[in-house]
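Inspection log for the structure reproduced underneath, given as structure tokens.
Letters A, B, ... mirror the listed sequences (proteins, then strands); counts begin at 1.
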Amino acid sequence: MLRAENLDWHARDMVDGGFSPDNYTYPCVLKACSCSDNPRIGFQLHGVVFKVGFDLNLFVGNGLIALYGKCGCLLEARRVLGEMPSRDVVSWNSMVAGYVQNKRFDDALQICREMESLRHKPDAGTMASLLPALTDTSSEIISYVKQMFVNLEKKNLVSWNVMITAYMKNSMPEKAVDLYLQMEKCEVEPDAITCASVLPACGDLSALLLGRRIHEYVERKNLCPNLLLENSLIDMYARCGCLEDARRVFDRMKFRDVASWTSLISAYGMTGKGYNAVALFTEMLNSGQSPDSIAFVAIISACSHSGLYNEGKLYFKQMTDDYGITPRIEHFSCLVDLLGRSGRVDEAYNFIKQMPMEPNERIWGTLLSSCRVYSNMDIGLVAADKLLQLDPEESGYYVLLSNIYAKAGRWTEVTATRSLMKRRKIRKRPGISNVELNNQVHTFLAGDTSHPQSKEIYEELSVLVGKMKELGYVPETDSALHDVEEEDKECHLAVHSEKLAIVFAILNTRESPIRITKNLRVCGDCHIAVKLISKIVQREIVVRDTNRFHHFKDGTCSCCDYW
DNA sequence: ATAGGGTTAG
């Protein structure tokens, strides 16, 4: 490629050789300037092309817009766009890209609307330029981009990829997967970028079958070696609870980066294999790969999930002292979790008080759940108080608080919490569990009766509950919000979404393990119940909740009841 | 000819 540093050189060459730059040369040269860290030559070129009138050329003008956009001179870019005698879609896209690169997302969208009003149709390039503006954005903007996609005259690979990524960047993995399947139907051939974009969605949904199918496709099309794609594969397997598969991809990689290691470390961490995570972290250091801030989050949280108190604290110290990484709120959150989860609730609270930044919801939430586990009402009340201020709409905190009161036998306060919730019109967030069957993700809500097989599922569940009781199962009412009579409570617990999803899988599949993903943490009752179910039906059951994996087998769980 | 698409934590 032409480089700006060599421009003088090239220019002299051309003159000496009797060539003079024309409007085919300038776009290339402008591109070289905008990619270099010395765009001034580009600005000078603007003067040159202006003198000879080349600035009226479409391609030259487009080059100038991109150049000014990349340098943050948006007014100038805008001026060039406005003064061009004719514009094409690239002119508009370059302007959109300019605003996006400078984080002026509203202006970028404004340009899109403007081009549409002038009957210039957005294309895949417009969507691609917008993409960085689409991380955690509003549903209005997502539907705007979706409309753009739908209206495309010709959908090319890039447009599909961008739309999939846009869904992913807005926590809409179902939509991302949906679109991928549609893409297959339209016989558009996915490339490495498609796969790397949709695999995290498979991981999110525990859509292992689809993930595997994409992996096979990747092999068939020889899309690897490709670092980002392989990292996506590791992550997909890790989040589907398939450690061996994740490991296999990792082991076969030619080149690894910190993301490859981090994915695998957290995979071990989430399964409760803290010592493996520690060993892997050491191996990473020995291989010459330095950890980054995210890698430390992964290893400290791995320690926390396995109760490796000393190791976790050591990593926190190592991070700051040896690697000069300033701990972010995520690291503090991991450490609070490490302390609280291992029963050091006071230490966790003191640690929070010494934090250099304002503790957020996550921090107090972590503390509150450890208060519940270790029945620490004093600190629990402090945490709950903060949380009800920070997010009075989140039902989970009321439930935790109520549980803490209930454990202490403070029934008046239980009732008070319940009526506070009612007064504020806060409904419990429904638990949702996903299970994959025949390339389709089936979703169950707590108490769901909408599934076509619903009747069968409930019948089978009550048979199972009967067998569980023979094995000594007593529904643990502590896990439910105490707002119903004892008998009802048992009934409510029986229909937590994971139970429905598991029974559905028992009825419809034979192969182990059964894999479930849920949107909340597994409650104590379900944990006991699933252990028993795994014994009764002799099936391995893997449940991924918001925090970690539970591998149930023959009546026990991989977390050793530490969670 | 000019713009523009991907991975890692909690």
Side-chain angles (χ1 to χ4, degrees), chain A residues 2 22-32 34 57-67 69-70 84 87-98 100-101 122-132 134 156-166 168-169 190-200 203 223 226-236 238-239 249-250 256-267 269-270 291-302 304-305 328-334 336-337 360-363 365-366 546-548:
Chain A
L2 192 55
D22 61 10
N23 53 20
Y24 280 81
T25 328
Y26 282 115
C28 295
V29 179
L30 287 168
K31 182 192 171 100
S34 54
N57 175 278
L58 177 66
F59 291 88
V60 176
N62 290 350
L64 286 169
I65 296 172
L67 170 78
K70 282 213 175 76
M84 282 166 74
R87 287 164 280 268
D88 68 357
V89 68
V90 176
S91 328
W92 293 102
N93 292 353
S94 304
M95 195 63 233
V96 171
V100 168
Q101 284 152 9
D123 67 355
T126 322
M127 295 178 59
S129 305
L130 271 179
L131 194 53
L134 302 179
N156 63 11
L157 187 57
V158 173
S159 58
W160 287 98
N161 289 354
V162 169
M163 201 61 228
I164 290 172
T165 309
M168 266 319 288
K169 301 250 174 203
D191 68 354
I193 297 185
T194 320
C195 299
S197 312
V198 77
L199 282 168
L223 298 179
N226 177 318
L227 182 64
L228 273 61
L229 178 52
E230 287 161 305
N231 286 351
S232 273
L233 282 167
I234 295 175
D235 183 54
M236 181 274 293
R239 286 197 288 173
V249 175
F250 179 87
R256 305 184 181 103
D257 68 359
V258 68
S260 332
W261 290 95
T262 302
S263 288
L264 204 59
I265 288 168
S266 78
M270 282 190 297
D292 64 0
S293 172
I294 299 177
F296 275 107
V297 173
I299 189 63
I300 298 170
S301 90
S304 158
H305 285 309
R328 296 202 310 229
I329 197 138
E330 293 88 343
H331 302 104
F332 287 103
S333 165
C334 287
V336 170
D337 195 48
N360 62 8
E361 216 183 305
R362 199 173 191 104
I363 302 264
T366 301
T546 42
N547 259 295
R548 58 170 303 145

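Listed nucleotides B:dA1, B:dA9, B:dA3 differ in distance to A:S94; the shortest reach to its side chain belongs to B:dA3. For A:T165, taking side-chain heavy atoms from C-beta onward, the closest of the listed nucleotides B:dA9, B:dG6, B:dG4 is B:dG6. Of the candidate nucleotides B:dG6, B:dG4, B:dA1, B:dA1 has the atom lying nearest to any side-chain atom of A:Y24. The side chain of A:R328 lies closest to B:dA9, out of B:dA9, B:dA1, B:dT8. Nearest to the side chain of A:V297, among B:dA9, B:dG4, B:dT8, sits B:dA9. Of the candidate nucleotides B:dA1, B:dT7, B:dG4, B:dA1 has the atom nearest to the side chain of A:P27.
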* In sequence, state the C-alpha distance, the side-chain angles, and the governing distance for A:S293 and A:H331, and then conclude on side chain to side chain contact (heavy atoms under 4.5 Å, CB included). => CA-CA 8 Å; A:S293 172; A:H331 302 104; 3.0 Å; yes
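Using a 4.0 Å heavy-atom distance criterion, A:D191 is classed as a base contact. Among the protein residues, A:E361 comes within range of no part of the nucleic acid, since none of its heavy atoms lies under 4.0 Å from any strand. Across all strands shown, A:L199 has no heavy atoms under 4.0 Å from either base or sugar-phosphate atoms.
Partners of A:N231 according to the side chain to side chain donor-acceptor pair (under 3.5 Å) rule, which considers only residues two or more places apart in sequence or in another chain, are A:D257, A:S260. Shown here are the side chain to side chain donor-acceptor pair (under 3.5 Å) partners of A:S333, two or more places apart in sequence or in another chain: there are none.
Within the 3.5 Å criterion, the main-chain N or O of A:W261 finds no donor-acceptor partner in the side chain of A:R256.
Applying the 3.5 Å distance criterion, the base of B:dG6 shares a donor-acceptor pair with the side chain of A:N226.
When the side-chain nitrogen and oxygen atoms of A:K70 are compared with OP1 and OP2 of B:dT2, none of them lie within a distance under 4.0 Å. Between B:dG4 and A:Q101, a contact under 4.0 Å exists linking OP1 or OP2 to a side-chain N or O.
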